[in-house]
Amino acid sequence: MGMQISPSVLNANLADLAAEVRRVGKAADWIHLDVMDNHFVPNLTFGLPVVESLLKQIDVPADCHLMIADPDRWAPGFAEAGAGSVTFHVEAARRPLTVAKDIRAAGARVGVGVKPGTDLSVIEALIPSIDMILVMTVEPGFGGQAFMAELLPKIQRARRMADSADVDIWVQVDGGIGPDTIEQCAAAGADVFVAGSAVYRAADPALMVEQLRASAENAARP
Ligand code: DX5
Ligand code: ZN
């Protein structure tokens, strides 16, 4: 798998999600849907009913990022609704291994997210059961924040952990990713890039997706 771009609709027009997805549709590998519950993060977006409705109207696979408490209860439902990838936060899960297994059993790829202050050692035991590590590069909750460059070594460590597995595990970065930051992340070993404001504030969002992918590919080349 090459470099993948997953535009986040968080800062797009949330009252017309299907149209916003179409603005990047063919260029994007995924569409990143930030589910927030006002408990795990201090912000509230949309939940499963909205995601279910949206999935009926779009063709690009959904990359659901669950910033919610109790993913043990809620995460499998997003996979059952047809999301291609479901990422839960390790900090929020009571039984992370069970959550991972339940998401997989429901037919989606499994991502596990870590906040900036969470050490990657807490996901070590999950590695055989996941498909993606999400290294948050801002505090989760809001779009448009500045990329935390001090997390670059953590991206490198995530890449080493992913490579230690027998299966292909992706390393996703989310928060402050754009033309100025994507290359350092790709060089550090990330291969799935969430970009919200960089894409949706661009005059041509689909073109920005192509440009971001090209930058990541260039930076990753040895
Ligand atoms: C933040 C969300 C991100 C957000 C990224 O908690 O998880 O997906 O949309 O937005 P930008 O790219 O603007 O930092
Ligand atoms: Zn996100």
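Both counts, for ligands and for their atoms, begin at 1 and track the order of listing. All of these numbers come straight from a predicted model, not from anything done at the bench.
Every atom of ligand 1 is numbered from 1 in the order shown, and the set under 4.0 Å from a heavy atom of His65 is 7 (O). Interface of Ala195 with ligand 1, defined as ligand atoms under 4.0 Å from a residue heavy atom, comprises 12 (O). Atoms of ligand 1 lying under 4.0 Å from at least one heavy atom of His32, given by number and element, are 8 (O). Close contacts of ligand 1 with Pro140, meaning ligand atoms under 4.0 Å from a residue heavy atom, involve 6 (O). Those atoms of ligand 1 with a heavy atom of Ser197 less than 4.0 angstrom away are 11 (P), 12 (O), 13 (O). In summary, the atoms of ligand 1 found under 4.0 Å from a heavy atom of Val194, numbered by their order in the structure, are 8 (O). Which parts of ligand 1 touch Met67 is read off a 4.0 Å heavy-atom cut-off, strictly below it: atoms 6 (O), 7 (O). Shown in contact with Gly141 at under 4.0 Å from a heavy atom are these atoms of ligand 1, numbered in order with element: 1 (C), 6 (O).
A donor and an acceptor atom, one from each side chain of Asp34 and Ser8, are located under 3.5 Å apart.
Of the candidates Asp174, Thr45, Val138, Asp174 brings a heavy atom nearest to atom 5 (C) of ligand 1. The heavy atom nearest to atom 9 (O) of ligand 1, considering only Gly196, Ser6, Ser8, is found in Ser8.
Here the angle at the Zn ion (ligand 2) defined by ND1 in His65 and OD1 in Asp34 stands at 90°, rounded to 10 degrees.
Of the protein's heavy atoms, Gly143 CA, 3.5 Å lies nearest to atom 10 (O) of ligand 1. Of all protein heavy atoms, the one lying nearest to atom 1 (C) of ligand 1 is Phe142 O, 3.5 Å.
Summary: OD2 is the N/O/S atom of Asp174 found nearest to the Zn ion (ligand 2). His32 has its closest N, O or S atom to the Zn ion (ligand 2) at the position named NE2.
Of all heavy-atom pairs between Ala81 and Glu52, the closest is CB-CG, 3.6 Å.
Distances from ligand 1 to the non-hydrogen atoms of Gly175 include at least one value under 4.0 Å. The closest approach between a heavy atom of Asp34 and any atom of ligand 1 is below 4.0 Å.
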